[in-house]
Amino acid sequence: FIKLLDNIENWENRSQGVSVIDCGSGSAYLTFATYHYFKNILGKDTKVVGIDIKDDLTIKNTQIAKELGWDNISFATSYFIDYEASDKPTISIALHACDTATDEALMKAINWGSEFILSVPCCHHNLQEKLSKAPVDKSFAGVMSHGILSERMGDILTDSMRAMILEIMGYKTDVIQYVSMDHTAKNLMIRAKKVSNKPLKASLDNYKNIKNFWKVIPHLEELLKASNPDFAKLVS
C-alpha cells in the first residue's frame, strides 16, 4: 500500500504538508503506517484522520496514538456521509468499504476536492440489484442469464462507472491490481489524481453511453447529483 501511495506523487519534493482522511480505518494498521511514512520517513508536516463506525475501534486507536505520542493522528466515529472535513485533504483513502460505503467515500472525497483518491471497493450489491431489474440488451442475454457472470458484470460496471465519474470530475484515474488474488478477490484499486477543474468530455460521453446501454444509474451518481450542482448539470 505504501508503495502505491508513494508512486502517485513526488512527495519528497513537495513543499507543503500532507493531510489524509482514511474512510473506514478499522484497526488502523494502514492509517498508522501512512502517518509514519509521511511524518517520520519523509519528515512532512502530516495530519491524518481515521473514520470508522465502530466506536470501540475509535477508542482503541486513539489510545494507541496517545501512547505513541503522535498528536496529529486522530480518529472519529462516524458514517462517511456524515463526516465533515475541517480542511481539504491531500489524500482520501477508502479500502474495502462495503458496497455503497465506497460511493459515500468517493462522493465526500470529490466534494472535499481531495488531490488524490485511493479506493479499493468491496461488494457491489447496489448495481447488481439494479441490473437484475433492468432490461437486458439481447447481445448480453447469454451473459446475464448466469448468476455468477451477472454478478461479475455488476462488479466491473460499478467500478468502471466510478472511474468514469472521477474522470468527469477532473481526475486522472487508473484501475490497478492492489494485491494478489491469493489474498482477496476484491483486489482492484481505483487510483485518482486531480488534474483539472474541467470535465473530461471523452469520459462524460463514455459514461453516458454505458449508462444508457445498461439502463442503470450507479449510486455514486445519485449521491453526487444531490450534493454537487456542477456534476448534476454535467450528467443531466
Side-chain angles (χ1 to χ4, degrees), residues 1-9 11 14 16-123 162 166 171 178-179 183-184 186-194 219-220 223-224 227:
F1 173 74
I2 296 299
K3 286 181 179 179
L4 291 171
L5 190 62
D6 181 67
N7 287 339
I8 62 174
E9 176 74 324
W11 299 109
R14 182 185 176 95
Q16 60 265 53
V18 176
S19 60
V20 181
I21 295 181
D22 185 359
C23 296
S25 50
S27 295
Y29 300 114
L30 295 183
T31 320
F32 282 111
T34 299
Y35 181 87
H36 173 68
Y37 175 69
F38 284 118
K39 178 65 176 179
N40 299 327
I41 303 298
L42 296 184
K44 301 296 179 182
D45 182 19
T46 305
K47 179 181 178 182
V48 174
V49 178
I51 308 168
D52 203 276
I53 60 172
K54 296 181 179 179
D55 195 49
D56 57 329
L57 292 177
T58 299
I59 295 170
K60 177 184 175 182
N61 295 331
T62 298
Q63 182 61 32
I64 293 171
K66 182 178 179 181
E67 291 171 0
L68 289 168
W70 291 0
D71 297 331
N72 281 336
I73 180 169
S74 60
F75 296 88
T77 303
S78 176
Y79 288 96
F80 307 156
I81 201 165
D82 296 327
Y83 184 79
E84 295 300 332
S86 56
D87 302 298
K88 180 179 81 171
T90 310
I91 306 167
S92 290
I93 300 170
L95 304 182
H96 291 131
C98 188
D99 198 17
T100 56
T102 291
D103 298 303
E104 293 178 9
L106 290 174
M107 178 271 289
K108 298 296 284 191
I110 290 169
N111 289 343
W112 288 331
S114 305
E115 293 181 51
F116 302 92
I117 300 172
L118 300 176
S119 175
V120 178
C122 182
C123 310
R162 284 167 172 165
L166 284 164
Y171 286 86
Y178 173 46
V179 293
H183 300 292
T184 174
K186 302 298 183 180
N187 71 335
L188 295 183
M189 172 181 280
I190 302 172
R191 186 171 59 174
K193 177 180 180 179
K194 186 75 171 178
H219 191 59
L220 181 55
L223 291 172
L224 282 170
S227 62

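Keep in mind the model is a prediction, meaning the values are calculated, not measured.
- The minimum heavy-atom distance linking Ser25 with Asp52 is given by the pair N-OD2, 3.6 Å.
- Scanning all heavy atoms of the two residues, the minimum distance from Leu95 to Leu118 falls at CD2-O, 4.3 Å.
- Of all heavy-atom pairs spanning Ala85 and Ile21, the tightest one is CB-CD1, 3.6 Å.
- Ring-plane geometry between Trp70 and His36 is classed as parallel, the angle between the planes falling under 30 degrees on a 0 to 90 degree scale with a further cut at 60.
- With hydrogens and angles ignored, the 3.5 Å screen pairs no side-chain donor or acceptor of Thr90 with any backbone N or O of Val18.
- For Asp55, the side chain to side chain donor-acceptor pair (under 3.5 Å) criterion is met by Thr77, not counting sequence neighbours.
- Between Ser114 and Ser92, the closest heavy-atom pair is OG-OG, 2.7 Å.
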Applying side-chain contact (heavy atoms from CB on, under 4.5 Å) to Met107 and His219, what does each step give before you reach the verdict?
CA-CA 10 Å; Met107 178 271 289; His219 191 59; over 6 Å; no
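- Residues Trp112 and Tyr83 have side chains in contact (heavy-atom distance under 4.5 Å, counting atoms from C-beta outward).
- Identified under the salt bridge (Lys or Arg N to Asp or Glu O under 4.0 Å) test for residues 97-108, with sequence neighbours left out: Glu84-Lys108, Asp103-Arg162.
- Heavy-atom minimum distance, Ile190 versus Pro121: CD1-CG, 4.0 Å.
- Between Phe80 and Ala101, the closest heavy-atom pair is CD1-O, 3.2 Å.
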Checking Leu5 against Ile91 for the side-chain contact (heavy atoms from CB on, under 4.5 Å) test, could you report, in this order, the C-alpha distance in whole Å, the side-chain angles of both residues, the deciding distance, and whether it holds?
CA-CA 9 Å; Leu5 190 62; Ile91 306 167; 3.9 Å; yes
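- Side chain of Asp6 to backbone of Ile2: no donor-acceptor contact under 3.5 angstrom is found.
- Rounding to the nearest 0.5 Å gives a distance of 6.0 Å between CZ of Phe32 and CG of Leu68.
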side-chain contact (heavy atoms from CB on, under 4.5 Å) evaluation trace for Thr34 with Asp22
CA-CA 10 Å; Thr34 299; Asp22 185 359; over 6 Å; no
